[in-house]
S.K.: 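Have a look at this one.
Just so it is clear, the values below take in all heavy atoms, side chains as well, and ignore hydrogens, waters and symmetry mates.
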Amino acid sequence: MMESNAIPAPLAGPDGCAGPTADRAPVTGTVAALAAQGWSVTPDFLEPDLVAVLRQELTDAWTSGAFRRAGVGRGAQREFRPEVRTDWVRWLDPQTCSAAQGAYLAALERLRQALNAALYLGLFEFEAHQAVYPPGSYYRKHLDQFIGIGARRVSCILYLNADWQADDGGQLRLYTDAEVPDRHVDILPTGGTLATFLSARFLHEVLPARRARMSITGWFSTRG
């Protein structure tokens, strides 16, 4: 169960959104891990200075009240279900993105092209939102798919948290074996880390944290 009120758009945003670090993001290892096991954790996907700018932009938007409570479902079926999720989101528009957001989108465009070339996934579109989990917030176990709609193929989560420690909590718990339901990996939401996984394959959840937890969460989708 996932929320969406955004129209997916091709990754290429306006020319003014391109950033200077877009061509440095490591994608080869991410593609290899997705091919081998269906999920990947890529530390330092973006340079620390760019991560810091993205974090500050998210913090400013949060302080200004630009976020809204996240729901589940889409369209008329969208509803708030605090027993399922208690995070807050702000959708990104690739046509009005900041330079830092544009740099991240450009890095993901390189990843999209590499995934299509290596794995023939037919990825065409990307949608994303900034996400804030206030202390104690969570998102219970779920798949990144709408019921009856399988367009989302690869989930991408870029963490923006500074100096995150294991005791802070907030791990992404990814269930890695459908035949062994309790088998999982816990991914620490360290700033600059990119977590990717096949959207329809892996149940996952966000564990409660002691600090506010920040990320940009998005999905590569197929056409239509």
Side-chain angles (χ1 to χ4, degrees), residues 13 17-27 29-30 33 39-70 85-94 96-111 126-140 144 154-174 184-197 204-219:
C17 282
T21 62
D23 60 347
R24 301 180 188 177
V27 300
T30 303
W39 60 275
S40 173
V41 178
T42 308
D44 302 318
F45 184 75
L46 296 181
E47 292 187 349
D49 288 349
L50 179 55
V51 174
V53 174
L54 291 169
R55 180 170 58 248
Q56 188 61 54
E57 289 178 347
L58 184 151
T59 301
D60 291 345
W62 173 258
T63 302
S64 71
F67 282 70
R68 69 176 189 178
R69 289 172 54 200
R85 65 186 301 187
T86 55
D87 56 315
W88 294 68
V89 300
R90 176 177 179 261
W91 288 90
L92 297 182
D93 182 349
T96 59
C97 63
S98 70
Q101 293 163 2
Y104 177 50
L105 293 180
L108 287 185
E109 173 64 11
R110 290 185 63 236
L111 178 58
F126 186 73
E127 58 180 342
H129 59 61
Q130 298 168 314
V132 174
Y133 286 77
S137 299
Y138 53 82
Y139 196 161
R140 303 304 189 198
D144 282 355
V154 178
S155 301
C156 303
I157 309 167
L158 177 71
Y159 297 111
L160 304 178
N161 308 294
D163 302 318
W164 199 268
Q165 305 298 318
D167 289 345
D168 293 326
Q171 291 88 345
L172 172 67
R173 177 161 291 178
L174 193 69
H184 65 268
V185 295
D186 284 345
I187 301 168
L188 201 65
T190 305
T193 294
L194 181 74
T196 55
F197 54 90
H204 57 285
E205 61 181 313
V206 176
L207 305 182
R210 296 181 180 180
R211 297 166 49 192
R213 179 187 187 276
M214 298 175 286
S215 65
I216 298 177
T217 298
W219 303 268

S.K.: Where do N161 and R55 come nearest, in terms of heavy atoms and distance?
M.R.: C-NH1, 4.2 Å

S.K.: Check whether R90 reaches the backbone of A66 with its side chain - one donor and one acceptor, N or O, closer than 3.5 Å.
M.R.: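 No, because the side chain of R90 does not come within donor-acceptor range (under 3.5 Å) of the backbone of A66.
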
S.K.: So how far is it from L92 CG to E57 CD, rounded to the nearest 0.5 Å?
M.R.: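 Reported value, rounded in 0.5 Å steps: 9.5 Å.
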
S.K.: If we ignore angles and hydrogens, is there a donor and acceptor under 3.5 Å between the side chains of T30 and T196?
M.R.: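 Result is no, nothing qualifies.
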
S.K.: Which is it for M214 and L54 under the side-chain contact (heavy atoms from CB on, under 4.5 Å) test, yes or no, and what are the steps along the way?
M.R.: CA-CA 10 Å; M214 298 175 286; L54 291 169; over 6 Å; no

S.K.: So, do L158 and L108 sit near enough that their side-chain heavy atoms are less than 4.5 Å apart?
M.R.: no

S.K.: Hey, is the main chain of G169 close enough, under 3.5 Å, to the side chain of W164 for a donor-acceptor pair?
M.R.: yes

S.K.: Taking atom CD of Q171 and atom OG1 of T190, what is their separation to the nearest 0.5 Å?
M.R.: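 The OG1 atom of T190 is 9.5 Å from CD of Q171, to the nearest 0.5 Å.
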
S.K.: Identify the heavy atoms of R140 and E205 that sit nearest to each other, and give their distance.
M.R.: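 Residues R140 and E205, closest heavy atoms: C-CB, 3.7 Å.
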
S.K.: I need the C156 SG to W219 CH2 distance, nearest 0.5 Å.
M.R.: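 C156 atom SG to W219 atom CH2 measures 10.0 Å (nearest 0.5 Å).
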
S.K.: Give the minimum heavy-atom separation between A70 and V89, together with the two atoms involved.
M.R.: CB-CG1, 3.9 Å

S.K.: Taking it one step at a time, do F126 and L111 satisfy side-chain contact (heavy atoms from CB on, under 4.5 Å)?
M.R.: CA-CA 11 Å; F126 186 73; L111 178 58; over 6 Å; no

S.K.: Would you mind reporting whether T42 and P26 have side-chain heavy atoms less than 4.5 Å apart?
M.R.: yes

S.K.: Say you draw a straight line from OG of S137 to CZ of R69; how long is it, rounded to the nearest 0.5 Å?
M.R.: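 Going from the OG atom of S137 to the CZ atom of R69 covers 11.0 Å.
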
S.K.: Please assess Y104 against V53 for the test side-chain contact (heavy atoms from CB on, under 4.5 Å), listing each intermediate value before the final yes or no.
M.R.: CA-CA 11 Å; Y104 177 50; V53 174; over 6 Å; no

S.K.: Judged by atom type as modelled, is there a donor-acceptor pair below 3.5 Å linking the side chain of D168 to the main-chain atoms of R211?
M.R.: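 Side chain of D168 to backbone of R211: no pair is present.
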
S.K.: Rounded to the nearest 0.5 Å, what separates atom CG in D49 from atom CD in E47?
M.R.: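 One gets 7.0 Å once the value is rounded to the nearest 0.5 Å.
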
S.K.: I need the minimum non-hydrogen distance between I157 and S215, along with the two atoms involved.
M.R.: CG2-CB, 3.9 Å

S.K.: Any idea which heavy atoms bring Q165 and L188 closest together, and the distance?
M.R.: O-CD1, 4.0 Å

S.K.: If you draw a 6.0 Å radius around CG in D163, do more than 12 non-hydrogen atoms from other residues or ligands fall strictly inside?
M.R.: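 Result for CG/D163: open.
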
S.K.: Between the side chains of D186 and R173, is the shortest nitrogen-to-carboxylate-oxygen separation below 4.0 Å, so that they form an ion pair?
M.R.: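 Result for this pair is yes, salt bridge flagged.
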
S.K.: I need the single residue from D44, T193, L160 that forms a side chain to side chain contact (heavy atoms under 4.5 Å, CB included) with V51. Which is it?
M.R.: L160

S.K.: Where do W91 and R68 land on the side-chain contact (heavy atoms from CB on, under 4.5 Å) test, with the steps shown first?
M.R.: CA-CA 10 Å; W91 288 90; R68 69 176 189 178; 4.2 Å; yes

S.K.: Report yes if the distance between the aromatic ring centroids of H129 and W88 is under 6.0 Å, otherwise no.
M.R.: no

S.K.: Could you tell me whether the side chain of L105 reaches within less than 4.5 Å of the side chain of E109, counting heavy atoms only?
M.R.: no

S.K.: With side chains defined as the heavy atoms from C-beta onward, is the minimum distance between L172 and P189 less than 4.5 Å?
M.R.: no

S.K.: Please name the pair of heavy atoms, one in Y159 and one in A195, separated by the smallest distance, quoted to 0.1 Å.
M.R.: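 Distance-wise, the nearest heavy atoms are CE1-CB, 4.1 Å.
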
